[in-house]
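Everything below concerns the one structure shown next.
Since we're looking at a predicted model, the values are computed, not measured. Note that these values count all heavy atoms, side chains included, but never hydrogens, waters or copies made by symmetry. Every chain is numbered from 1 and lettered A, B, ... according to where its sequence line falls, protein lines coming before strand lines.
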There are 4 protein chains.
Amino acid sequence: MPRTSKPADVRSAEILNAAAGLFRQHGVGAVSIDQIAREAGIAKGTFYLHFQSMRDLLARMAEATVTAMAENVERVIATSESSPYETLVLALAALKAVEADHAPLAQALDHPDNVDLQERANIALVLKVGPLLASVIERGCKTGDFAVEDPLSTIQFILAGQAFLLGNPRFGWSQDEHGVRLMATLRLTERALGARPGSLVSAFLAVLAGAAPGSAEAGSLQS
Amino acid sequence: MPRTSKPADVRSAEILNAAAGLFRQHGVGAVSIDQIAREAGIAKGTFYLHFQSMRDLLARMAEATVTAMAENVERVIATSESSPYETLVLALAALKAVEADHAPLAQALDHPDNVDLQERANIALVLKVGPLLASVIERGCKTGDFAVEDPLSTIQFILAGQAFLLGNPRFGWSQDEHGVRLMATLRLTERALGARPGSLVSAFLAVLAGAAPGSAEAGSLQS
Amino acid sequence: MPRTSKPADVRSAEILNAAAGLFRQHGVGAVSIDQIAREAGIAKGTFYLHFQSMRDLLARMAEATVTAMAENVERVIATSESSPYETLVLALAALKAVEADHAPLAQALDHPDNVDLQERANIALVLKVGPLLASVIERGCKTGDFAVEDPLSTIQFILAGQAFLLGNPRFGWSQDEHGVRLMATLRLTERALGARPGSLVSAFLAVLAGAAPGSAEAGSLQS
Amino acid sequence: MPRTSKPADVRSAEILNAAAGLFRQHGVGAVSIDQIAREAGIAKGTFYLHFQSMRDLLARMAEATVTAMAENVERVIATSESSPYETLVLALAALKAVEADHAPLAQALDHPDNVDLQERANIALVLKVGPLLASVIERGCKTGDFAVEDPLSTIQFILAGQAFLLGNPRFGWSQDEHGVRLMATLRLTERALGARPGSLVSAFLAVLAGAAPGSAEAGSLQS
DNA sequence: AATGAATGAGTGTTCATTCAT
DNA sequence: TATGAATGAACACTCATTCAT
């Protein structure tokens, strides 16, 4: 009822945050625009001043998340002065960090019902982040750390498998099952990249033990 | 209006088939129970005699599909007398065959809107078919054809990556892009399984050149 | 809340009547489907079981009204054994009678806001009833009672003028003003049809004084 | 954003014109105040500085149109030195001219959805222009050119019939059908006014053949 | 006199589910 | 078992109007 005017981008962000919170609690499919407006402290009509439709909201939320992820990864790559091994692991960890930073936005993607939203992000991730990581691998190929024929296709496959197998809450892995699969993923990645056996695994453990960028329990990108 | 009584399982199968056809055409989200009932030639109320809800229908449809896939793979494995290489490739081909044979049920999963349904199937696939293929790999480890520490986790990751990266219509890969990623996937699989370089790729090409195994012997989904 | 099932045509008629009543009170533009459903004692969803949309309702209501008018006029013409003069006047009176018979359906057209609805009826009236009356006039031309070159165009013009000038509540004529215009209309019609001066006027007065078919205060067709 | 201040009547006229243009394109029912404001180059709030509501806008637009028509007719009558026949025909032509000159305002009334607006104009026309033409007819009665008892009622009926039957796009007359009805109308008018057979028809044809009077000298609606 | 972001009641429509027959 | 008319909560979205600036 009190009429508070705010810059468009601030309002958009508030709505996006309100929506993300509700999505996390109930899943995208169970949240109405009415609820979002209420949560954001605005009238229903105001929602439509900033978003064309629910679909529009979803798209923009997914885009914002992946953009943040790509930016994070890019920064890490540009900054890193370590070996390709560690750069790759740092980049993967940076990906995970977005979930902590952009909470609850990123976490909204976790709900079992949000497959649609999650998928948009995953696909954009494979397409946007894939090339970034491929460049790291190519560098590794020159240094002799890696040996792959088709870095882009390979890393995209790995991102896809990881996003789907480890990032999907529906599998309902126990912590142990998750750990086993994470290790298998790292070993698979080592082999796929033609890296020295154990190299990525140890680099990953080193990062975990070290500055642990992003989140302590790091391990999966999406979940 | 003609009141035809049928055994419960026959009716269920008819409804499932009617639904699959509509899902393929319009996507799950755009199909109402009204339409399904009409397509199945029954009254709306009758639908609820056989399915508790739309959610129930979706779950059972996904389950039926994956069950058929698992049965197909199992049959291939039990029958095959070839090397583990070829058995594995035959099994993967049998998996794909279900999509062709069990149309329109299997194909319904292809529609962009049906991610939810598709995912249920993919997850069940990873959980059900993964162990079957893992057993083939274990056999290969004993014969020295493969060398992996954790066959189950590894093949599950690969199934996941493949299901997501190659099975998802939203990526919109061109035929070329698809081919590149398929080859990268096979090479990645070779390495991940510790197989001789080129072995899987050539086995796969051999199968392709051969009798296109799998599709011919496929059974019916609802049987 | 009590679930009462009725034949489709009965329900349709009930809804039509409920709608007509509300339209008369508030005008078509101010009546929501919610209100109609409440008035008809059904759930909102039930409305859509019988009418595709509000537009559909309007169209069917207008059609029903005009159909009744045309049938009334046709019956009068078929039955009448009087002179063309009287037949014509009787037919015009029968038109008016529909308002009494089909109340409140016909009266709904009276509200100032219902121009759209009213117009559909008026147009259908001109097109459907025009030819019927034209046939009477043609008969009159042969008997020498009338003398017109183009009976159809002429009577359609007269129906149009009368529907608009006398049937439109927005003019807000006083009873006197209305009477003056009615008489002028009759004299104009006499002349337009080439009838003997005073003939129609007196026939009209005779009908009024006689059996007064339809409604006592007859005089205008639409209002 | 540029805050341009203008006299109230200029702004009103601009808004009226903007609205008329949109009404013509989309029909009154499909035009929002948002659109009108945008078209007029003002903010939404400014609209309400000049018009109380949409209803108000419609009423004033109809009034403006008819006022222009009445002024046109009055000017013709005052100026004309011809016979009552020709004066009458000239006046009727001047009426039609407004539709051409005051486009898009006048033409907005032509859209099928704008019946409400059209009607307001038609009614005002009958009430305002009717008396003007009646005076011409009265003059004609004195000169013996016409012979009518009640000039006002008669000409009002004729205006009504003509406005409704010939001015209503919903009838969908073909050009031929329209022509037939126009001629019938003229003959009917001759008879109704007691004019010499053929007199009006030939006067009308003469005017058509002449300088297409009316359109040239028409004034501006908002002036 | 002008702005335009904010309001919120209101709309038409859908559809999973129920239940009297 | 089967029917299908009836239900009604829920939904996305619109738009005339207000008011703080």
- Choosing from E:dT18, E:dA2, E:dA6, which nucleotide comes nearest the side chain of C:Arg3? E:dT18
- Task: Kindly give the heavy-atom pair with the smallest separation between A:Met61 and A:Ala20, and that separation in Å.
- Result: CE-N, 3.6 Å
- Could you check which residues of residues 31-41 of chain B get a heavy atom under 4.0 Å from DNA chain E? Sort them by number, please. B:Ser32, B:Ile33
- For B:Arg38, all residues meeting salt bridge (charged side-chain N to carboxylate O under 4.0 Å, His left out), sequence neighbours excluded: B:Asp34
- Query: Is a donor-acceptor contact shorter than 3.5 angstrom present between the side chain of B:Arg11 and the base of F:dT1?
  - Reply: no
- Message: Between the base of E:dT17 and the side chain of B:Lys44, is one N or O donor paired with an acceptor at under 3.5 angstrom?
- Response: yes
- Which whole-number value in Å describes the distance from B:Gln52 CD to E:dT17 C1'? 12 Å
- Note on the structure: In whole angstroms, the gap separating C1' of E:dT17 from CG of B:Leu57 amounts to 15 Å
- Judged by nearest nucleotide, the residue sitting upstream toward the 5' end of DNA chain E, B:Tyr48 or A:Pro7, is A:Pro7
- Item | Where C:Arg60 and C:His50 come nearest, the two heavy atoms and their spacing | NH1-O, 3.1 Å
- side-chain contact (heavy atoms from CB on, under 4.5 Å) with A:Arg11: which of A:Leu49, A:Leu16, A:Ile42? A:Ile42
- Message: Could you check whether any side-chain heavy atom of D:Ile36 comes within less than 4.5 Å of a side-chain heavy atom of D:Phe23, counting everything from C-beta outward?
- Response: yes
- Determine the minimum heavy-atom distance between C:Lys6 and C:Val10, stating which atoms define it. CD-CG1, 4.1 Å
- Item | Residue whose nearest DNA chain F nucleotide is more 5′ - A:Ser53 or C:His50 | C:His50
- Of the non-hydrogen atoms in B:Phe47 and B:Leu57, which two are nearest, and what is the gap between them? CZ-CB, 4.3 Å
- Task: For A:Lys6 and for C:Ser5, locate the closest nucleotide of DNA chain E by heavy-atom distance; then report the residue assigned to the nucleotide nearer the 5' terminus.
- Result: A:Lys6
- DNA chain E: stems of at least 3 consecutive Watson-Crick or G-U pairs, cut-off 3.5 Å? E:2-21 with F:2-21
- Message: Would D:Tyr48 and D:Ile33 count as a side-chain contact (heavy atoms from CB on, under 4.5 Å) here? Give the steps.
- Response: CA-CA 10 Å; D:Tyr48 287 92; D:Ile33 288 175; 3.0 Å; yes
- Item | Atom-to-atom span, CZ of C:Phe51 to P of E:dT13 - whole angstrom | 13 Å
- In terms of heavy-atom contacts, C:Val31 and C:Gln35 come closest through CA-NE2, 3.8 Å
- In whole Å, what is the span from the CZ atom of C:Phe47 to the C1' atom of E:dT11? 13 Å
- Query: When we call it a touch if two heavy atoms are under 4.0 Å apart, what does A:Thr46 touch: a base, just sugar-phosphate, or nothing?
  - Reply: base
